[in-house]
A.B. asks: 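Below is one structure. I have some questions about it.
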2 protein chains.
Amino acid sequence: MTDTEHPPQRPTKGERTRRHVIDTAAELFSRSGYRAVSLRDIAAHSGLSHAGVLHHFPNKEALLVHVLSRRDEIDAPLVLDADLSHRELIDNLVELVERNTASPGPVSLFVNLSAEATDPAHPAHDYFFGRYRVLREHLASAFAALLDGRPEPTPEVAATQFIALQDGLQVQWLLDPGAVDMRAAVVSFLHTLGIPTSAPAPTTDERPS
Amino acid sequence: MTDTEHPPQRPTKGERTRRHVIDTAAELFSRSGYRAVSLRDIAAHSGLSHAGVLHHFPNKEALLVHVLSRRDEIDAPLVLDADLSHRELIDNLVELVERNTASPGPVSLFVNLSAEATDPAHPAHDYFFGRYRVLREHLASAFAALLDGRPEPTPEVAATQFIALQDGLQVQWLLDPGAVDMRAAVVSFLHTLGIPTSAPAPTTDERPS
DNA sequence: GTCTATAGAGGGATAGAC
DNA sequence: GTCTATCCCTCTATAGAC
């Protein structure tokens, strides 16, 4: 106990390995889903034995829960914060698409897990059930303002469509990244609904042709 | 060989079990994905041993291929037939959504498998890669005519969006069937694009209130 | 055509040493 | 906090009897 005067800032070694295991698990779950990845896979990629992993988490399922809530810590504030204006929310949603386009890992995690979790017996079923409910309601109330005057998609339908569009785009994009422009598809969807987007252009391929 | 004078009409017993195994496999893959379902599961639900299953198919992967192509035999003509008019194609797409709403099994099969197959090492990766390419191109050429005059979604983007919408809706619907009206979302999307739908109403909940 | 038996790999989880 | 060793289960696939 000589070296122990470090509060939250400097995590203990245990805490560091623990987080490293979560990150590794996230990456592997991303590639192949939850069920197809073994504790031994995760352990090997984390640099310890599978018993070592089970020292930090009581079982594989608990590890999954930590992986999911870690993603939520990162993404939820961008979308679910109640203080966001509608403008900011839309901007954040588009920004999220751009960020996703840059990193297939988390995208693959959610594509794989949300499909698996469709099974009511899956450990993440309740998580995704609740997640989509909250997301739909939150987006619906934003669309209620943004679609003011339009008869056709009700705010609830628009929210469902928007989420579905994103999820579906991710599958196509993961299968064939060169053939699918997720950002263009999302932005064009918003425009079709009469919702302007402010973000300028994908800064990537600006070349003086 | 006493009882063998029956051509294609009356399938042999072997052929019948074989088909039964494919159907059973389809149902189980639907619920839990390909990797999570074992040959023993399939065998048990088919009423034979796992060795019995392997008599009909060289391995699990071959069985998957048969499951997939069986679905295609059923659904492809409705969508990919080159002789369809644009009107008929749209009607068929909406009809397919209605049919899906009535049967979660095949929906779950494709949701689970397309997510898994995102991994390039998955046995069905090439199948889905090609399937989405063909589907996008086919729908894009239909949208090219249907969207005549509209600037915003290009036919390619519209095709990508339409397919994504359907796939994404299926995930939400499987998780929470009561909260998602797939047909309404698809029809409203088409209307937003200025494409009318002719199918009248979901005949289900017609009750004299 | 279907079975039992078995091989051989790999899974999750626990016990106990260090 | 991490390891090795082990338990017991399930997997795919094969061999050979019936």
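So you know, we letter chains A, B, ... as the sequences are listed, proteins then strands, and number each from 1.
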A.B. asks: Over how many whole Å does the gap from A:I42 atom CD1 to C:dG10 atom C1' extend?
C.D. replies: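 These atoms are roughly 14 Å apart.
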A.B. asks: Can you measure B:F57 atom CZ to D:dT14 atom P for me and round it to whole angstrom units?
C.D. replies: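 Rounded to the whole Å, the gap is 16 Å.
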A.B. asks: Should the pair A:R87-A:D91 be classified as a salt bridge under the 4.0 Å nitrogen-to-oxygen rule?
C.D. replies: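 A salt bridge is present here (some side-chain N lies under 4.0 Å from a carboxylate O).
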A.B. asks: Check whether any side-chain N or O of B:S49 sits under 4.0 Å from OP1 or OP2 of C:dC3, and answer yes or no.
C.D. replies: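 For C:dC3, OP1 or OP2 has a side-chain N or O of B:S49 closer than 4.0 Å.
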A.B. asks: With sugar-phosphate meaning primed atoms plus P, OP1 and OP2, does B:H56 contact a base, only sugar-phosphate, or nothing at under 4.0 Å between heavy atoms?
C.D. replies: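 Sugar-phosphate contact only - B:H56 comes under 4.0 Å of backbone atoms but never of a base.
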A.B. asks: With a 4.0 Å cutoff (strictly under), does any side-chain N or O of A:K60 reach OP1 or OP2 of C:dG11?
C.D. replies: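 Answer is no, no contact under 4.0 Å.
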A.B. asks: Hey, do the aromatic rings of A:F128 and A:H122 have their centres closer than 6.0 Å?
C.D. replies: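 So the answer is no for these two rings.
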A.B. asks: Can a donor-acceptor pair be found between the side chains of A:D41 and A:S38 at a distance below 3.5 Å?
C.D. replies: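 Looking only at side-chain atoms, A:S38 and A:D41 do form a donor-acceptor pair, the distance falling under 3.5 Å.
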A.B. asks: Any salt bridge between A:E27 and A:R31, counting N to O under 4.0 Å?
C.D. replies: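 Salt bridge between A:E27 and A:R31, a charged N being under 4.0 Å from a carboxylate O: yes.
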A.B. asks: From D:dT2, C:dT6, C:dG12, pick the nucleotide closest to the side chain of A:H55?
C.D. replies: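 When the side chain of A:H55 is considered, D:dT2 is the closest of D:dT2, C:dT6, C:dG12.
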A.B. asks: A:L64 CG to C:dG12 P: how many Å, rounded?
C.D. replies: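 Rounding to the nearest Å, CG of A:L64 and P of C:dG12 are 13 Å apart.
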A.B. asks: Applying a 4.0 Å non-hydrogen cut-off, can you work out what A:S38 is touching in the nucleic acid: base, sugar-phosphate, or nothing?
C.D. replies: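 Sugar-phosphate, no base atom in range.
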A.B. asks: What's A:L54 touching, base or sugar-phosphate or nothing? Going by heavy atoms closer than 4.0 Å.
C.D. replies: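 Base contact.
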A.B. asks: Return no unless some side-chain N or O of A:T17 is found under 4.0 Å from OP1 or OP2 of D:dG1.
C.D. replies: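 A:T17 to D:dG1 OP1/OP2: no side-chain N or O under 4.0 Å.
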A.B. asks: Return the nearest nucleotide to the side chain of B:A51; candidates are C:dT4, C:dA13, D:dT4.
C.D. replies: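 For B:A51, the side-chain atoms sit closest to C:dT4.
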A.B. asks: Nearest nucleotide by nearest heavy atom, which residue falls closer to the 5' end of DNA chain D, A:L48 or A:R40?
C.D. replies: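 Looking at DNA chain D, the more 5' nearest nucleotide goes with A:L48.
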A.B. asks: Indicate, with a heavy-atom threshold strictly under 4.0 Å, whether A:V37 touches base, sugar-phosphate, or nothing.
C.D. replies: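 Sugar-phosphate contact only.
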A.B. asks: Would you check if the side chain of B:E15 reaches a backbone N or O of B:T12 as a donor-acceptor pair within less than 3.5 Å?
C.D. replies: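 Not confirmed, B:E15 side chain does not pair with B:T12 backbone.
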A.B. asks: What is the distance from CG of B:N59 to P of D:dC11, rounded to the nearest Å?
C.D. replies: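 In whole Å, D:dC11 P and B:N59 CG are 17 Å from each other.
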A.B. asks: From the set D:dT2, C:dT6, C:dA13, return the single nucleotide nearest to any side-chain atom of B:H50.
C.D. replies: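 For B:H50, the side-chain atoms sit closest to C:dT6.
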A.B. asks: Whole Å only: how far is the CG atom of A:L39 from the P atom of C:dT14?
C.D. replies: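 After rounding, the reported distance stands at 11 Å.
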A.B. asks: Can you identify which nucleotide, out of D:dC11, C:dT2, C:dA5, has its nearest atom closest to the B:D41 side chain?
C.D. replies: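 Looking only at heavy atoms from C-beta outward on B:D41, the closest nucleotide is D:dC11.
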A.B. asks: Just the rounded figure in Å: distance from C1' of D:dG1 to NE2 of A:H20.
C.D. replies: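 Rounded to the whole Å, the gap is 16 Å.
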